[in-house]
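What follows is one structure encoded as structure tokens, with my remarks underneath.
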2 protein chains.
Amino acid sequence: MSLEKKIVQIRSFNRFYTDVLGLVNNNLLDSEYSLAEARILYEIFTARTVSASDIISKLSMDKGYLSRILKKFERSGLIIRKASKEDARVYLLSLTDQGKSVFDTLNHASYQQISRLVSNMAEQQLDELVKYMHEITRLLQKANKHITGSH
Amino acid sequence: MSLEKKIVQIRSFNRFYTDVLGLVNNNLLDSEYSLAEARILYEIFTARTVSASDIISKLSMDKGYLSRILKKFERSGLIIRKASKEDARVYLLSLTDQGKSVFDTLNHASYQQISRLVSNMAEQQLDELVKYMHEITRLLQKANKHITGSH
DNA sequence: AATTTTAGTTGACAAAGTCAACTTTATTAA
DNA sequence: TTAATAAAGTTGACTTTGTCAACTAAAATT
């Protein structure tokens, strides 16, 4: 297969997977949280404690936009912000119990969503799917070290 | 591996690939056309002649939103709309020469973008990447016949 | 010590997307 | 065959999402 055709194939996959992600994410959006908000909660949850600028570089988002979302999260009691001791410009973010609870709900909904997506697959097919996803991640990450790693 | 872990793996891939698509699409957005607009031009180009409702079901987008984009395309000379003979409610869309030219430009930019993404890969690795993408598409489409097929 | 950079906030704005009401034509069912 | 219903597309009003630049305060650099 020519390089041209391979690239056409990759673009075809990208369109397909955009649809898959759209499907998966839209059902998440039935909650009162946007995709960006869910992703931010995920980052704070997994890191356990991060600064806004960590999130900005991880998710490549606008700092003004993030600042407002974090303010909303704080007002509604999902996160607390603690001034860093090492750097007075920095606030360290962490989830409150309520924040963890909201995260759990979103996390579970997202889990169920994927669960449904693969519910018709035999075990072996699912294994293959996971393997291929892992391989794609590995190949693209190896060739593009700059792509945000480690999920 | 447990089912739970497999689903966690899939979600991890989804986050990763969201980043990949974000990267790829953002550079497209340096043009004066949005992702949605580019995708619409693509649909009209490949189908050669479609109705608005075809695009709506293919891309699952709001018909009001699409209507406005199409109006803009018509005003700026990218498409023409011809009343259908079979159904007077329907307008058939097709690209003008200028529309094809804009499409070509976007298409080429998108091609280059993917080209860069895989530029560091050896031929064999690229072959594997394409193969895995194809397999993922096949597996997911087989298990979810309703996912918008055929790209 | 002066300059530059970084973290975060805020205001103003633009782009993207949603929703419902409406018109016109087609389809379905009584 | 007409009455009700549905589908295609348009439009207005609106919300959400995201961007940009100016700003303050603290840290890093020269």
Side-chain angles (χ1 to χ4, degrees), chain A residues 18-19 21-23 25-41 43-44 47 49-76 79-94 106, chain B residues 18-19 21-23 25-41 43-44 47 49-76 79-94 106:
Chain A
T18 297
D19 289 346
L21 291 174
L23 224 74
N25 291 333
N26 267 3
N27 291 45
L28 186 64
L29 291 177
D30 288 350
S31 83
E32 62 177 308
Y33 297 95
S34 71
L35 183 57
E37 288 169 337
R39 191 89 193 257
I40 290 163
L41 287 177
E43 292 302 328
I44 301 176
T49 172
V50 269
S51 67
S53 68
D54 291 338
I55 296 177
I56 288 165
S57 49
K58 191 106 186 238
L59 304 186
S60 330
M61 64 189 300
D62 180 79
K63 59 186 183 170
Y65 186 32
L66 178 62
S67 176
R68 268 176 260 260
I69 291 176
L70 292 178
K71 190 160 60 168
K72 200 177 99 185
F73 280 173
E74 194 179 27
R75 274 202 305 256
S76 59
I79 65 171
I80 50 171
R81 309 191 314 153
K82 236 181 66 184
S84 162
K85 284 186 175 164
E86 293 86 42
D87 187 334
R89 294 169 302 181
V90 173
Y91 292 95
L92 296 175
L93 312 168
S94 52
L106 292 173
Chain B
T18 297
D19 289 346
L21 291 173
L23 222 75
N25 291 332
N26 267 4
N27 290 46
L28 186 64
L29 290 176
D30 287 351
S31 83
E32 63 177 307
Y33 298 96
S34 71
L35 184 56
E37 288 169 337
R39 191 88 191 258
I40 290 162
L41 287 176
E43 292 301 328
I44 302 176
T49 172
V50 269
S51 67
S53 69
D54 290 338
I55 296 177
I56 288 165
S57 49
K58 190 106 187 238
L59 304 186
S60 329
M61 64 188 301
D62 180 78
K63 59 186 183 169
Y65 186 31
L66 178 61
S67 176
R68 268 177 260 261
I69 291 176
L70 292 177
K71 190 161 59 168
K72 200 177 98 185
F73 280 174
E74 194 180 26
R75 272 201 307 255
S76 58
I79 64 171
I80 50 170
R81 309 191 313 152
K82 235 182 67 184
S84 162
K85 284 187 175 163
E86 293 86 42
D87 187 334
R89 297 169 301 180
V90 173
Y91 292 94
L92 296 174
L93 312 169
S94 53
L106 292 172

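If you're wondering where the values come from, they're calculated on a predicted model, not measured in any experiment. Each chain gets a letter, A, B and so on, in the order its sequence line appears, and its residues count up from 1.
For R81(A), the side-chain contact (heavy atoms from CB on, under 4.5 Å) partners are E74(A), I79(A), Y91(A), L93(A), not counting sequence neighbours. Every residue meeting the side-chain contact (heavy atoms from CB on, under 4.5 Å) condition with L21(A), not counting sequence neighbours, appears here in chain and number order: Y17(A), N25(A), N14(B), T18(B), L21(B). Take K82(A) and apply the side-chain contact (heavy atoms from CB on, under 4.5 Å) test, not counting sequence neighbours, and it matches no residue. Looking at residues two or more places apart in sequence or on another chain, you find a side-chain contact (heavy atoms from CB on, under 4.5 Å) between S84(B) and E86(B), D87(B), V90(B), L92(B). Annotation: side chain to side chain donor-acceptor pair (under 3.5 Å) contacts of D54(B) (sequence neighbours excluded): S51(B). Residues that satisfy the salt bridge (Lys or Arg N to Asp or Glu O under 4.0 Å) test with K72(A), not counting sequence neighbours, are E37(A).
Rounded to whole Å, the distance from CD1 on I55(B) to P on dG9(D) is 9 Å. Look at CG on L93(B): it is 11 Å from C1' on dG9(D), rounded to the nearest Å. Atom CE of M61(B) is separated from atom C1' of dG9(D) by 14 Å (rounded to the nearest Å).
Counting heavy atoms from C-beta outward, L70(A) and I40(A) have side chains that approach closer than 4.5 Å.
Comparing the helix axis at one end of the helix from dA1(C)-dT30(D) to dA30(C)-dT1(D) with that at the other, each defined from 5 consecutive pairs, gives an inter-axis angle of 30° (nearest 10°).
Of the inter-residue distances, the one linking M61(B) atom CE with S67(B) atom OG reads 10.5 Å to the nearest 0.5 angstrom.
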### Task
Any chance you could list the contact pattern along nucleotides 1-12 of chain C? Use B for base contacts, S for sugar-phosphate-only contacts and - for none, protein heavy atoms under 4.0 Å, 5' to 3'.
-----BBBBBBB
